Amino acid sequence: MAFAVSVRVSVLYTCSLSKPFTATLPLSIAQSFPLKCTMMEGSEISESKEQKKIFVAGATGSTGKRIVEQLLAKGFAVKAGVRDINQAKQRFSDSPALQFVKADVTEGSEQLAEAIGDDSGAVICSTGFRRSWDLLAPWKVDNLGTVNLVEACRKRGINRFILISSILVNGAAMGQLLNPAYIFLNVFGGLVLIAKLQAENHIRKSGINYTIIRPGGLRNDPPSGNIVMEPEDTLYEGSISRDQVAEVAVEALVHPEASYKVVEIVARPDAPKRPFEELFGTIKQQ
């Protein structure tokens, strides 16, 4: 049984408020990302040099890029793990809070641990294989690559890991073997859903504080509905904007309700808008 302990820290946001306020963060996050801030109108976040960075694997991908941008917008320092630093720099605006490091999840945990470094406090994995003639690419990236990243965290003593996975990874156990999406992704995607499921199982056995996020079909367009969050092995259809997937990943960092959970998400126009404390809070801890 995991217990969430909260502390109160002062946080500065760029907004029109003129009075200081405090936000309640889980102890593990407060320790990883200590902030020394004051609230002043029109000001930017003034962070202490002790603040830990968020390492994002797959930072130049369609979802990973959004995760990086939302982290920066919320005042986090980010270390973006990329395969080509020069190309990555062209995809992002300059920011003193953004650092690029060369990182390939298929090259083993030792190199990943070096890339993650001692200055990272959490890891978000948004990697995904690229279609190629390499039939083993899904297993190298979505399974072994994620395992390498988890082991790198263990080497660095990092105890917060967020994974972007997919609904239907456990389709066989859900009775969805004939679901067209399950068939298509596994037949034409090199058994990618099975590869992702194997990686999920490794995370859950690692002892690391995890949140596994399983989105529905990913859309590049802006959000067109509110987030629906369900327990694992529940959703078998639906889609969601990548912007909302990134938002869930970032919010999972600061909500203790997200710890040790597998959540499935889609967006629906008729769904009510609910706070993230409530969304994560309705899912049972693993």
Side-chain angles (χ1 to χ4, degrees), residues 1-11 13 21-35 51-56 63 66-67 70-71 73-76 78 120-126 146 150 153 158-167 169-170 199-201 203-216 223 225-235 238 240-268 271-286:
M1 176 66 69
F3 294 90
V5 180
S6 297
V7 294
R8 300 188 72 80
V9 295
S10 295
V11 181
Y13 287 91
F21 70 100
T22 58
T24 300
L25 300 179
L27 180 59
S28 59
I29 296 301
Q31 290 175 330
S32 297
F33 316 112
L35 300 174
Q51 183 186 8
K52 291 284 190 175
K53 299 176 181 178
I54 311 299
F55 184 90
V56 180
T63 302
R66 289 167 168 84
I67 291 173
Q70 291 197 31
L71 284 169
K74 286 186 174 291
F76 287 98
V78 179
S120 296
V123 169
I124 300 178
C125 177
S126 61
T146 303
V150 171
C153 286
I158 294 174
N159 193 41
R160 192 69 179 100
F161 194 97
I162 297 171
L163 173 69
I164 308 300
S165 185
S166 173
I167 63 171
V169 292
N170 204 21
E200 285 189 14
N201 291 337
I203 294 170
R204 295 167 79 156
K205 296 175 182 178
S206 69
I208 293 176
N209 180 355
Y210 65 85
T211 304
I212 297 171
I213 301 168
R214 296 177 176 176
N226 291 320
I227 296 172
V228 174
M229 185 177 291
E230 298 289 349
E232 62 179 308
D233 301 342
T234 300
L235 298 174
I240 189 168
S241 168
R242 293 181 189 271
D243 293 320
Q244 291 170 304
V245 177
E247 184 181 13
V248 173
V250 174
E251 291 293 334
L253 279 175
V254 296
H255 291 294
E257 298 87 353
S259 294
Y260 298 101
K261 291 184 179 180
V262 180
V263 301
E264 299 187 342
I265 55 173
V266 295
R268 294 173 182 158
K273 186 173 180 60
R274 301 164 63 192
F276 280 97
E277 294 91 341
E278 182 180 330
L279 286 170
F280 286 120
T282 59
I283 309 300
K284 292 184 178 180
Q285 199 170 60
Q286 301 300 316

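Throughout, residue positions are numbered sequentially from 1 according to the sequence presented. Note that the structure is predicted; figures quoted are calculated from it, not measured.
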Practice item. State, to 0.1 Å, how close L235 and I265 come at their nearest heavy-atom pair, and which atoms those are. Key: CD1-N, 3.9 Å
Exercise for review: Can you see which heavy atom on A267 is nearest to which on Q244, and at what distance?
Suggested key: CB-OE1, 3.5 Å
Practice item. Could you walk me through whether I54 and V250 pass side chain to side chain contact (heavy atoms under 4.5 Å, CB included), step by step? Key: CA-CA 10 Å; I54 311 299; V250 174; over 6 Å; no
Practice item. Applying side-chain contact (heavy atoms from CB on, under 4.5 Å), name anything that partners S165, two or more places apart in sequence or on another chain. Key: L163, V169, K196, E200, I212, R214
Check your understanding: To the nearest 0.5 Å, how far apart are CD1 in I167 and CD1 in I240?
Key -> 10.0 Å
Practice item. Return the minimal non-hydrogen interatomic distance between D243 and P223, and the atom names on each side. Key: OD2-CD, 3.8 Å
Review point. Of all heavy-atom pairs between I164 and S126, which one has the smallest distance, and what is that distance?
Key: CG1-CB, 4.0 Å
Review point. Hey, mind stepping through F276 and I227 against side chain to side chain contact (heavy atoms under 4.5 Å, CB included) and telling me if it holds?
Key: CA-CA 10 Å; F276 280 97; I227 296 172; 3.9 Å; yes
Check your understanding: Just wondering, do L71 and I124 contact through their side chains at under 4.5 Å, heavy atoms?
Key -> yes
Practice item. Could you pull out the closest heavy-atom pair between F280 and K261, with the gap in Å? Key: O-NZ, 2.7 Å
Check your understanding: Between T211 (side chain) and A252 (backbone), is there a donor-acceptor pair under 3.5 Å?
Key -> no
Review point. Salt bridge (Lys or Arg N to Asp or Glu O under 4.0 Å) with R268: which residues, sequence neighbours excluded?
Key: none
Revision key, fill the gap. Of all heavy-atom pairs linking R160 and Y210, the shortest is NH1-C, 3.4 Å
Review point. Would you say E264's side chain and D233's backbone share a donor-acceptor pair under 3.5 angstrom?
Key: yes
Revision key, fill the gap. Residue set satisfying salt bridge (Lys or Arg N to Asp or Glu O under 4.0 Å) with E247, at least two apart, ordered chain then number -> none
Practice item. Please name all residues satisfying side chain to side chain donor-acceptor pair (under 3.5 Å) with T63, sequence neighbours left out, ordered by chain then number. Key: R242
Practice item. Kindly state each residue pair satisfying salt bridge (Lys or Arg N to Asp or Glu O under 4.0 Å) with at least one member in residues 272-286, sequence neighbours excluded. Key: R274-E278
Exercise for review: Find the distance between OG (S259) and CG (L253) and round it off to the nearest 0.5 Å.
Suggested key: 10.0 Å
Exercise for review: Report the residues that fulfil salt bridge (Lys or Arg N to Asp or Glu O under 4.0 Å) with E230, sequence neighbours left out, ordered by chain and then residue number.
Suggested key: none
Revision key, fill the gap. The reported gap from CZ in F161 to OG1 in T146 (rounded to nearest 0.5 angstrom) is 6.0 Å
**Study point:** Separation between CD1 of I162 and CD1 of I208, rounded to the nearest 0.5 Å
**Key:** 12.0 Å
